[in-house]
Amino acid sequence: MAPALAGAQRSNSAPVGGNLLPDGFYITPTAAPGSVFQGLPTGLRPDGSADANGAVTTALSPDGTALLVVTTGYNTGFSTQGPSGTPIKWAALDPVTGLPSTTMTSNAEWVFVYDVRGAQPVQKQMINIPNTYQGLLWDPSGIRFYVAGGIDDRVEVFKATGTGASADVTYAPDAPFVLLNHDLPADVPIQEFPTGGLFVNTPINDNPVALDMFMPFAAVAAGLAISPDGKTLYVANYQNDSLSVVNTATRLVTNEIVFFAPGQTKAIGEMPYWPVLVSNSAGAPVKTYVSSQRDGEVLVVLPAGTFKAIKVGGEPNRMILSADQHWLYVSNGDLDEIEVIDTTKDAVASRISVARPGYKYKGSSPNSLALSPDGTRLYATLGGENAVAVINVASQKLLGRIPTGWYPSSVTVSGDGKTLYVVNMKSDPGPNLEYRVDCPGEAIPPQYATLLCPPANPTSRNEYILALMKAGLSTIPIPDGNTLGYLSSLVDANNGFDNPKHDAIMGFLHQRIKHVIYIQKENRT
């Protein structure tokens, strides 16, 4: 087995190319043998500054040849390169016809299509969508895929334009899109001022201050689930506390199950995020599980629309079902654990800790799950540790952790079970030295002039901090046991878990800190 890393190795010269983050920790995204790290290029600017930010969800085609990656980050406000750069804009699609409309937008979330049949993913297509939020899945046939439209309050649909392997065809809009009808009118190309969230027609949404500051609650289409027969689609309405049931043939909402409405006295099912479906042998729905982030629950929803809550605590997020549909695995970012729900009893059967063994502080933040094809291994992205946890399903024990890029957000296992595809949301952008702000009218001392009023940006590059952060895609061959032990030690070193001073410092602070007061201020002048 490779030796454990010593504390002195946490440096810029750390083994396998450690990179220092602003929080003082390190990442080693290519530490696993044979792994490859790629950005998400858009080709919009030669300098790469308009490449994609905020990759959040991955989905493998049923035939295992194509991987989808969706972003929901800061992907707006870019201009063409050069001193006379012009804003980069796209024609938003008409949701009824699927054709480009006359509405132009600078919003540019992306669905990337990758061919994953080789050793390294090859980008085949990138599809512009103005707004997205987490939800992404393939139709069981592999002919089309669905993308949650976030604050556009819809689900966009794309279909293969030819036949053959999923990685060999291109995808085009498959209209009409699914309009969820919270934001009205629903059929506009883009929701410019969406107000159809939970508090529509209440003083929270409709007061002049909220409207003036663009603060109304918007409807948000989040996680998606589909029945194995492909006939029924489920959409978690994140800021409407409801679940929409959609007929995929007509693209119409057939039912909306409301968990919580303003005025109710009992909180239940608030901020529904991720649905998972249990079906019968014919592929028809039997019941749907929905994670409720605000209330720390997993809702059990029957086809008739009745529901009950399984209390898990914390903030459950993404979930995955075992192949036999007996076990539902729930990632819980607040509790650093994965709840295991028995679907025959609709009760929590056990809890799997993803924290480092013996570590008493929280912060692993599991946020997505994947199962190996044979069902023996469960993988969980740990956003707070910049790693993927490897779990033995039978023993429910943490076997180890694999380093990734900064803040991994989704993991998918290849069809043969030998490779992990992991996207991460962030990168270390460095300083935004070229960003120019409006200079004050009063005289500035010469020694501060360059700092406070730098020369005008000659490249038209967007130097806003979120524009500088970029997402990535890691392709990681699953390591053997000995290598996994070494990689786990590397994750410990990257995160400072092996620092003997840590417990002493925390103990000292616990004895002296009585209250913690947060003062939040946006970083604007």
Side-chain angles (χ1 to χ4, degrees), residues 29-30 34-76 78 80-81 88 90 93 107-130 132 134 136-138 142-147 156-162 164-174 368 370 381 404-406 408-416 418-427 467-477:
T30 57
S35 61
V36 176
F37 181 86
Q38 301 169 267
L40 299 179
T42 63
L44 296 173
R45 287 177 55 107
D47 63 6
S49 66
D51 290 352
N53 164 252
V56 291
T57 309
T58 50
L60 187 68
S61 61
D63 67 3
T65 67
L67 181 76
L68 303 178
V69 178
V70 70
T71 70
T72 181
Y74 185 92
N75 292 294
T76 188
F78 295 104
T80 57
Q81 195 164 333
I88 300 174
W90 293 264
L93 299 180
N107 290 358
E109 299 304 341
W110 301 102
V111 175
F112 294 94
V113 183
Y114 282 90
D115 183 341
V116 291
R117 290 174 292 189
Q120 180 172 321
V122 176
Q123 188 186 116
K124 304 288 287 188
Q125 191 177 1
M126 64 178 198
I127 300 170
N128 171 269
I129 300 177
T132 57
Q134 311 293 335
L136 173 72
L137 57 76
W138 288 89
I143 295 173
R144 59 176 56 83
F145 59 83
Y146 299 87
V147 186
E156 303 205 8
V157 191
F158 296 85
K159 184 178 180 180
T161 58
S166 296
D168 289 332
V169 297
T170 58
Y171 297 87
D174 184 21
S368 80
T381 46
T404 67
W406 190 5
S409 50
S410 184
V411 57
T412 292
V413 187
S414 63
D416 61 8
K418 297 180 179 180
T419 305
L420 300 180
Y421 303 108
V422 182
V423 292
N424 64 285
M425 296 185 68
K426 301 180 180 182
S427 68
L468 296 174
M469 300 181 79
K470 303 302 177 186
L473 168 62
S474 294
T475 303
I476 305 173

Please verify the inter-ring angle class for Phe145 with Phe158; under 30° counts as parallel, over 60° as perpendicular, anything in between as tilted.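 Parallel.
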Strictly distance-based, threshold 3.5 Å: is any side-chain N or O of [X] a donor or acceptor partner for the main-chain N or O of [Y]?
{"X": "Ser35", "Y": "Ile476", "answer": "no"}
{"X": "Gln38", "Y": "Pro121", "answer": "yes"}
{"X": "Lys470", "Y": "Ser49", "answer": "yes"}
{"X": "Gln81", "Y": "Asp47", "answer": "yes"}
{"X": "Lys418", "Y": "Gly415", "answer": "no"}

Non-hydrogen atoms of [X] and [Y] that approach each other most closely:
{"X": "Ser166", "Y": "Tyr171", "result": "O-OH, 2.8 Å"}
{"X": "Ser368", "Y": "Val411", "result": "OG-N, 3.2 Å"}
{"X": "Val423", "Y": "Thr57", "result": "CG2-N, 4.4 Å"}
{"X": "Pro408", "Y": "Val422", "result": "CB-CG1, 3.9 Å"}
{"X": "Thr42", "Y": "Asp51", "result": "N-OD1, 3.1 Å"}
{"X": "Phe37", "Y": "Pro29", "result": "CD1-CB, 4.0 Å"}

Is there a side-chain contact between Trp406 and Met469 in this structure, where contact means two heavy atoms from C-beta onward sitting under 4.5 Å apart?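 Yes, their side chains come closer than 4.5 Å.
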Less than 4.5 Å apart, any side-chain heavy atom of Ile129 and any of Trp110?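 Counting from C-beta outward, Ile129 and Trp110 never come under 4.5 Å.
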Does Val56 form a side-chain contact (heavy atoms from CB on, under 4.5 Å) with Met425? I'd like the steps, not just the answer. CA-CA 7 Å; Val56 291; Met425 296 185 68; 3.9 Å; yes
Distance in Å, [X] [atom1] paired with [Y] [atom2], rounded so as to fall on 0.5 Å steps:
{"X": "Leu68", "Y": "Thr412", "atom1": "CG", "atom2": "OG1", "value": "9.5 Å"}
{"X": "Leu67", "Y": "Leu473", "atom1": "CG", "atom2": "CG", "value": "6.5 Å"}
{"X": "Asn424", "Y": "Ser409", "atom1": "CG", "atom2": "OG", "value": "7.0 Å"}
{"X": "Tyr114", "Y": "Gln123", "atom1": "OH", "atom2": "CD", "value": "4.5 Å"}
{"X": "Leu420", "Y": "Thr381", "atom1": "CG", "atom2": "OG1", "value": "10.5 Å"}
{"X": "Tyr421", "Y": "Thr475", "atom1": "OH", "atom2": "OG1", "value": "6.0 Å"}

Any ion pair linking Arg117 and Asp63 (charged N to carboxylate O, less than 4.0 Å)?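 No salt bridge links Asp63 with Arg117.
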Under the side-chain contact (heavy atoms from CB on, under 4.5 Å) criterion, do Val36 and Thr30 qualify, and how do the steps go? CA-CA 6 Å; Val36 176; Thr30 57; over 6 Å; no
Consider only side-chain N and O atoms of [X] and [Y], and report whether a donor and an acceptor are under 3.5 Å apart.
{"X": "Thr58", "Y": "Ser410", "value": "yes"}
{"X": "Ser474", "Y": "Thr404", "value": "no"}
{"X": "Thr170", "Y": "Gln125", "value": "no"}

Using the test salt bridge (charged side-chain N to carboxylate O under 4.0 Å, His left out), find all partners of Asp416 that sit at least two apart in sequence or belong to another chain.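 Checked Asp416 against salt bridge (charged side-chain N to carboxylate O under 4.0 Å, His left out); zero matches.
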Name the one of Asn53, Thr76, Thr71 that satisfies side-chain hydrogen bond (donor to acceptor under 3.5 Å, both in side chains) with Glu109?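 In the set Asn53, Thr76, Thr71, the residue that makes a side-chain hydrogen bond (donor to acceptor under 3.5 Å, both in side chains) with Glu109 is Thr71.
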Carefully, step by step, assess Asn75 and Asn107 under the rule side-chain contact (heavy atoms from CB on, under 4.5 Å). CA-CA 6 Å; Asn75 292 294; Asn107 290 358; over 6 Å; no
Is the gap between the ring centers of Trp90 and Phe78 under 6.0 Å?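 No, the ring of Trp90 stays outside the 6.0 Å limit from the ring of Phe78, centre to centre.
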